[in-house]
Each structure stands twice: as structure tokens, then as C-alpha cells.
Protein chains: 2
Amino acid sequence: MRPAAGAPPPIGIFDSGVGGLTVLRALVEALPAEDFVYLGDTARLPYGTKSASTVRRYAVNAARHLVGREISLLVVACNTASSYALEAVREACPVPVVGVVEPGVRAVLATGARRVGVIGTEGTIRSEAYQRELERRNGGLGVRAAACPLFVPLAEEGWGDHPVTDTVAAHYLGPLLEWGVEAIVLGCTHYPLLVPSLERVVGPGVRLVDSASAVAAAVQADHGALLTGRGCGQVVVELTDGSEHFRNVARAILGRDPEHLELVDVNHG
Amino acid sequence: MRPAAGAPPPIGIFDSGVGGLTVLRALVEALPAEDFVYLGDTARLPYGTKSASTVRRYAVNAARHLVGREISLLVVACNTASSYALEAVREACPVPVVGVVEPGVRAVLATGARRVGVIGTEGTIRSEAYQRELERRNGGLGVRAAACPLFVPLAEEGWGDHPVTDTVAAHYLGPLLEWGVEAIVLGCTHYPLLVPSLERVVGPGVRLVDSASAVAAAVQADHGALLTGRGCGQVVVELTDGSEHFRNVARAILGRDPEHLELVDVNHG
């Protein structure tokens with residue numbers, strides 16, 4: 001669905017799949033007078049296990065599709081794409097591009113933690129994007145990272161509050177906890193869905209920092225001039241694969257059906 | 001790498017990723033005088049959560065790429081592609097096409113079990129390809145199916161013999177076991193990697209039937225005339241994404257490095 005003539009340009013949000021709807025939800029809450037178009041590249045997800053060059057190709061492809069929708073700015077909600085492809089997406093896009101890494105780093109620094117953990121997909125952790133940004137902003141911090149490959153499948157299975165997830169989380173996060181981590185940045189848009197299990201495992205002394213609300217704050221702080229104030233929180237969700245599986249996960253994350261859920265072709269390349 | 005002029009045409013094997021290497025391994029063991037070219041569509045995996053139309057598009061794409069390598073016949077090692085796309089692949093290919101569903105069904109029937117379980121990805125189970133083939137060959141059987149979405153990620157994590165996998169398997173297979181299942185067909189090429197955990201969970205009274213060796217038997221029985229007998233078990237592995245992750249899983253499954261591991265573009269469409 002195209003916006004009606006004269007309608008304010010929506011904010012574009014892109015993710016490898018439906019996990020980025022956690023970011024969309026935070027944006028809708030923070031910016032109720034904007035409209036949104038969300039593209040989930042469900043035909044090619046996940047990005048987190050794939051190589052940098054494949055992730056860049058897919059991300060630029062998806063960004064170009066959203067730019068064709070006449071968006072005001074683009075939020076790359078996918079952590080793996082933000083880690084590997086942000087520069088490539090910026091070069092390909094005539095609108096401002098906001099990734100999730102920098103807002104997530106700002107948010108974890110705001111906790112005052114001195115020992116910071118970063119968790120994410122294999123791709124996000126291997127890229128070291130979070131580790132570099134933390135080092136750049138505060139070289140005195142202790143930083144440790146852990147890839148958690150089973151977290152996305154567990155979130156998609158709906159096991160965010162489940163003894164199996166507790167066991168898997170204890171396995172992945174054990175080294176961070178032994179080290180004395182004080183705050184952990186959730187470097188994957190699916191991970192907020194696992195917070196019930198994660199909180200049990202890390203205990204009350206460790207802060208879990210979700211970049212979703214930090215992204216909304218960054219959009220307001222850095223790109224306030226682009227906000228139209230003339231929207232109504234309308235959400236269009238576009239997916240590159242229309243499987244019922246993704247529709248169900250989308251509904252579970254958003255807590256409602258989007259106004260429009262469409263299948264699109266982004267010229268897979 | 002192209003075969004040398006005059007070299008016998010290899011057998012082509014296609015899978016969404018590297019799980020199909022379990023089928024390749026069985027083929028190499030059964031047919032040591034053939035050569036093989038394996039295509040894993042790692043840039044677009046998994047197929048198991050995606051829609052029938054996307055799986056068909058990807059499978060035909062990959063099959064055409066292998067046909068361009070002048071193969072003698074094509075084995076569709078991916079259960080989801082065999083379930084959703086076998087007819088489409090046959091229409092697109094000038095060589096005989098062997099799927100995994102029919103050999104798997106023959107193998108489970110050969111056990112004499114009267115209560116048969118089928119496990120696989122969401123796509124494979126939803127397609128009902130196994131259920132229909134079992135019904136067609138023996139309408140008197142009891143058949144129950146269970147989708148096991150976490151099994152592929154657990155296999156890729158290398159947790160085929162792990163307490164977490166035991167717990168997850170008990171969850172997915174519980175209803176089959178309560179019903180009194182006698183044999184379970186492993187309807188996904190990754191699942192043989194989970195056999196240690198699965199055997200603990202189902203106990204000695206339930207047969208686990210892996211279609212990999214059944215596929216090799218089907219190739220010999222149905223397409224023996226196409227076998228060249230002039231190869232030497234050479235294995236070329238082509239992947240559409242070159243992530244180290246997939247290379248590592250490939251090595252773990254094959255138990256050795258393939259002679260050639262190449263990154264290819266199959267004209268993603």
C-alpha cells in the first residue's frame with residue numbers, strides 16, 4: 001500500500017525478519033504522530049549466521065526498496081545488518097540512516113556499568129561492531145561478548161519464559177557472569193522476547209539493556225527535524241516471505257495485527 | 001570447478017544448507033565410483049520456516065544451477081524442498097530427480113512398524129508430503145507427525161548429544177511416544193546429527209529411520225543405468241554463502257574437508 005497523496009512520509013524500518021518489530025513497537029510508542037513502514041526480509045533470514053558480503057548485499061537491497069516508498073528516514077533495526085552493512089546502506093540511501101548499535105551502546109553506557117557484556121548473533125559478535133563502539137566511547141570499560149546462536153530460534157518458538165531457555169542462557173552467559181558483568185546489551189532484536197528467562201539467569205544485579213527504546217530516543221534526539229507530527233501511528237508491514245509462521249511471530253511481538261501486512265518482492269539479489 | 005573434459009558427469013545433490021551433506025556422505029559410501037557436486041543454498045537457508053512458493057522458487061533456481069554443471073541425475077536432499085518443490089524441480093530439469101520423501105517412506109515401511117511418526121521442519125510437516133506418501137503406500141498405518149523447529153539450530157550448534165536437546169526432544173516427541181509410536185522417520189537432513197539425544201529420549205523400542213542411506217539405495221535401484229562407474233568419489237561442495245559457520249558445520253558432517261569448496265551465485269531469484 002502506498003501512502004495517500006499528501007500523506008506525510010513514513011519512517012522506514014528494516015530487519016532481516018520480524019524481530020525488528022520490537023524496535024517498531026518502541027518507535028510507535030515514542031512517536032505516535034508518525035507513520036511507519038516496516039520491511040522484514042523473511043525470505044532470506046536469518047542474517048546472523050551469514051557472511052558480511054551476503055548481509056551487505058541483502059541490506060542494501062532492502063534499503064533501496066524502502067527508499068522507493070518515500071520514507072523520511074531509515075532505521076536499520078537488524079543488529080547484524082547494523083554491524084556489517086551500515087556504511088553500505090548509508091551510501092545507497094538519500095535519507096538519514098539510524099542503526100541500532102550506537103543507540104544500544106549509549107544506553108548501556110548510561111547505566112554506569114564498568115563491566116559490559118554484549119550478546120548477539122554470530123555475525124554481530126564476529127563483526128565486533130559493539131565492541132569497537134564501546135571502546136571508541138569509553139576505552140576504560142571492560143567489555144566481553146558472547147554469541148548466542150540458539151536465542152533467535154528459542155524466541156521464535158515462543159520460549160522466552162521457559163526452562164530450556166534458562167538452561168541455554170546459563171550456558172551462553174555463564175562466562176560473563178563469572179567475570180562479574182554489570183550490564184548486558186541485548187544486541188539482537190529478538191532478545192527482548194527472552195527477558196523473562198534472561199532475568200532469572202542473570203539475577204537482579206545485572207542490567208539487561210534493550211536497544212529498542214534507545215533507538216526511538218536517538219531518532220527523536222538526532223532527527224527530530226524530520227518528524228512530521230502529522231501521522232497517526234499507522235503501521236504497514238511488508239514481508240518478503242508470507243509464511244504463516246512469520247505472521248504469527250509478528251502478531252505476538254506487536255500485540256496486534258498491523259493495519260497492512262503485505263508480501264513484497266525486493267528484487268532478491 | 002568444472003569437471004575435466006571427458007570426465008564422467010557427477011551426481012548433483014541440492015540442499016538448503018549443509019544438512020544434506022548427511023545424504024551426500026551416504027551416497028559417497030554407497031557409490032564410491034561416482035563423483036559428486038553438492039550445492040548448499042546457505043545464503044537463503046533455512047527453507048523449513050518459509051512458504052511453499054518461496055521454497056519452490058529457491059529450489060528451481062538451485063536445480064537449474066546444478067543442471068548447468070552437466071550432472072547425471074539430481075538428488076534433492078532437502079526435505080522441505082522435496083515436500084514442496086519436487087514436481088516443480090522435475091519440470092525444470094532434463095535429468096531424473098530423486099527426492100528424499102519416497103525413499104524415507106520406503107525405509108520406514110520396511111521396519112514393519114504399524115504406528116509411524118514423522119518429524120521435520122514446520123514446512124515439511126505442514127506440506128503433509130510424508131503423511132500422504134505413507135497413506136498412499138499403506139492406508140492401514142497409523143501416522144502421526146510433529147514439527148520440531150529447534151532441532152536444526154540444535155544440530156548446527158553441535159548439540160546432538162546434549163541434555164538441552166534431550167529436553168527439547170522429550171517435548172516434541174512426547175505425544176508420539178504416549179501414542180505408542182514404533183518407528184520415526186527423520187524427515188530432515190540435519191536430524192541424523194541428533195541421534196545420540198534422540199535415542200536416549202525414544203528408548204530402544206522405537207526405530208529411528210534416517211532417509212540418507214535409503215536415498216542411496218533408491219539411486220542404485222531406480223537409476224543404476226545412469227551410474228558411470230568411472231568416478232572416484234570426488235566431492236565438490238558449492239555454497240551460496242561462504243560464512244565460516246557453514247564451512248565448520250560442513251566439515252563436522254562430512255568428517256573431512258571436501259576436495260573443493262566454492263562460493264557460487266545461483267542467480268538469486
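Numbered from 1 within each chain, the chains take letters A, B, ... in sequence-line order.
Heavy-atom proximity under 4.5 angstrom to chain B picks out A:Thr49, A:Lys50, A:Ser51, A:Thr54 from residues 48-55 of chain A. Heavy-atom proximity under 4.5 angstrom to chain B picks out A:His245, A:Phe246 from residues 244-253 of chain A.
Looking at A:Pro46, both its backbone and its side chain come within 4.5 Å of chain B, counting heavy atoms on both sides.
Here B:Asp241 is the residue among B:Val152, B:Thr167, B:Asp241, B:Leu150 with the most heavy-atom pairs under 4.5 Å with chain A. Note on B:Val168, B:Val164, B:Thr42, B:Leu45: by heavy-atom pairs under 4.5 Å with chain A, the leading option is B:Leu45.
Interatomic distance, CD of B:Glu122 versus CD of A:Glu156, reported as 8.5 Å (0.5 Å rounding).
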